[in-house]
Each structure stands twice: as C-alpha cells, then as structure tokens.
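Here is the naming used below: chain letters follow the sequence lines, and residue numbers restart at 1 for every chain. Small disclaimer: the values here were computed from a predicted structure and weren't measured.
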Amino acid sequence: MAHSETEPPEEETLRRWERKQAQLKANVIEEDTEEWQKDSTFAGLERVGGVDLSYAKGNNTIACASLVVLSYPDLEVLYEDCQMVTVSAPYVAGYLAFREAPFLVEAAQRLQEREPGLRPQVLLVDGNGVLHHRGFGVACHLGVLTGLPCIGVAKNLLQVDGLAKDELHKEQIRDLQMGGAMFPLRGTSGRVLGMALRSYNKSTKPIYVSVGHRTCLESAVRLVQSCCRYRIPEPIRQADIRSREYIRKNLSSPLGGTSPGPGRKEEAEPKH
DNA sequence: GCGACAG
DNA sequence: ATCTTGTCGC
C-alpha cells in the first residue's frame, strides 16, 4: 500500500531546493514582454490559462492537477485538462513549487502537444510570485519552466519581508471600499512585492497578486481584476472547480456511479 | 512556550 | 489543501 502521507523534508532537501530556486530565479523577467499587456484594453489577448491542484480528502498524496484555458474577455472555457497525480514532496511554506509545479509543467506540455493553438498567452497560478521568502514563488517557478507569462494569485497573505496581518494591514483592508480597490504590499526592504486587491464587490477579503514571469505588477493586477466574476479570478476558479469535481467522480466510489448522499466511509484495509 | 504556516 | 452546518441574502 502506498503511503498516504508525505514525509517531512530532510535538511539536505531544503538546501537543494533553495539552490534550485536561486538558480532558476536568474531567469525571471519582471516586466511586460508582450504587446497586449501594454494596451489599456488588452487588445490582442485572447486566451488566459489557470492552474490548480485539488487533493483527495484524507490523503495527502493523491491529487488532481488541472489546467484550463479561457477565452478573453469572455472567459469561456476553451480547454480543460484534469490528471490524477501522486504527490511525493511535502508541503513546506516557501517551497510549494517543489510539491505542485512538476505536475503543472506536465499539463502545460500536454497542452502544447495536443492543442498548440490553444496555448495561453498568460497563466494565472494559485500561489505567489515574487511575494515570497526568496523572491521566487510557484508562479515564478512555473513561468521560468514554461516560458509563459505568469501571475501569482494567493488567497492568503504570505508574511514575508516584514509584511504581516497586523492592525495596519487590517485597516488597509477595511479601507478597500469597492471592487477594484487595492493597496501595495511594501516590505521592510522598501520593495513593493505585490498588491492586495478587492477583486469582488461582495467579498471583503482581498486576494494577493504578485508578478510571476514576463509581466509587471500593474498589468498583472489589471488583468486579474478583469478576470474576476467572483473573488477568485475565473481561470483559477475553473481549474479549482474542475479538479475537485474530477476527484469526486473518480474517487468517491470505486465502482463508479453516483454515491448516495451521506453515509460513505471507505475504510476496509484488508491485512494478512 | 507562542506564533507562523502560499497550497 | 481538507475537515465541516447552518445561515444570510439575492
């Protein structure tokens, strides 16, 4: 029987990951490299991608990696790829990319093989970009490995470089009156690492946008906001919805078919 | 001992 | 990320 939990990383593993991040970081581009980004209406932008991983309940290693491509600006799903995967790296804050990125890179490669014409012009990643302990979050990681412009979108603030959920931060959030309101996340270093954005009028909790690859923060925030029907930008939201639905359909009942509402519980681990 | 901790 | 019930509102 396979393990259902990932082991904590060895100290040596963390060192190796840090070296890898530093190595890849040299390739990050934090500026617009596409013409459509400079246009106020994003003229020329037709496809926006989104990626996400959902995990099977009660199991830390079984997950579904999903990549979707949406039309822009209509946000209709043009492409969907869900793939069951076995995650081996543990989750460690600051090293999320080593747990999730490999499967998302694979998904991007499948897309390139199957439907090269549907390749997204920008990829929204759930997690951070340069808003990260070492300035290299999963969105940067994916950007460098795929060459695609990437934007990090986190649902929670990663408290780094002096950023904290302190009283000042909470007050700044309260001051975000309407959808579209935002404030910069300036670290102790003086650097602006990202933007807190009230993406949806009805949600008071902001999302945290940061540069991943081949984009500037201004374009990134503007694009993310233009993709929000709800709090979470549609590409990521669709990837999330579809990946968890995929898990539900493929794992809820070993025999397939719809399982009755309440009253399911898979135990029964036959021993010798 | 207490707080932090993207997903 | 996932575990969980009801609840308030359109």
For the side chain of R244(A), counting heavy atoms from C-beta on, which of dA4(B), dT2(C), dG7(B) is nearest?
dT2(C)

Which label fits Y200(A) and Y230(A): parallel for a plane angle under 30°, tilted from 30 to 60°, or perpendicular past 60°?
perpendicular

Could you tell me whether G152(A) contacts a base, only the sugar-phosphate backbone, or nothing, with contacts defined as non-hydrogen atoms closer than 4.0 Å?
nothing

Pair H141(A) + Y95(A): ring centers closer than 6.0 Å:
no

Approximate separation, where rounding is to 0.5 Å, of Y91(A) OH and R99(A) CZ:
9.5 Å

Determine whether the side chains of Q23(A) and R19(A) contain a donor N or O and an acceptor N or O closer than 3.5 Å.
no

How would you label the contact of V160(A) with the nucleic acid (heavy atoms, under 4.0 Å): base, sugar-phosphate, or nothing?
nothing

Provide, to the nearest angstrom, the distance between the NZ atom belonging to K155(A) and the C1' atom belonging to dT2(C).
12 Å

Side-chain N,O (K57(A)) to OP1/OP2 (dT4(C)) below 4.0 Å
no

Give the rounded distance in Å between these two atoms: OH of Y95(A) and P of dA1(C).
22 Å

Over how many whole Å does the gap from H132(A) atom NE2 to dC5(B) atom P extend?
13 Å

Whole-Å gap separating P (dG7(B)) and CG (L157(A)):
10 Å

When we call it a touch if two heavy atoms are under 4.0 Å apart, what does N60(A) touch: a base, just sugar-phosphate, or nothing?
nothing

C1' spacing across the pair dC5(B) / dT2(C), given as an integer number of angstrom:
15 Å

Within the structure, does a side-chain N or O atom of Y91(A) lie under 4.0 Å from either OP1 or OP2 of dA6(B)?
yes

Considering only dA4(B), dA1(C), dA6(B), which nucleotide approaches the side chain of Y55(A) most closely?
dA1(C)

To the nearest angstrom, how far is I241(A) atom CD1 from dA1(C) atom P?
13 Å

Between S226(A) and Y72(A), does a side chain to side chain donor-acceptor pair (under 3.5 Å) hold up when you go through it step by step?
CA-CA 9 Å; S226(A) 73; Y72(A) 189 92; 2.7 Å; yes

Residue pair K202(A)/G58(A) against DNA chain C: nearer the 5' end by closest nucleotide is G58(A)

Mind calculating the distance between CD (Q21(A)) and P (dA6(B)) to the nearest angstrom?
15 Å

Does any donor atom in the side chain of S199(A) or Q225(A) lie under 3.5 Å from an acceptor atom in the other side chain?
no

Would you mind reading off the distance between L53(A) atom CG and dA6(B) atom P, rounded to a whole angstrom?
16 Å

So what does the secondary structure string of DNA chain B come out as, 5' to 3', with Watson-Crick or wobble pairs under 3.5 angstrom, [ ] for crossing and | for pairs with another strand?
.......

In this structure, how many angstroms lie between the C1' atom of dG7(B) and the CH2 atom of W17(A), rounded?
13 Å

Just by distance, no angles: are the side chains of S66(A) and S243(A) close enough, under 3.5 Å, to form a donor-acceptor pair?
no

Could you check whether N156(A) gets within reach of a base, just the sugar-phosphate, or nothing at all, counting any heavy atom under 4.0 Å?
sugar-phosphate

Does the side chain of V87(A) come within less than 4.5 Å of F103(A)'s, by heavy atoms?
yes

Categorize F98(A) for me: base, sugar-phosphate, or nothing, with a 4.0 angstrom heavy-atom threshold over every strand shown.
nothing

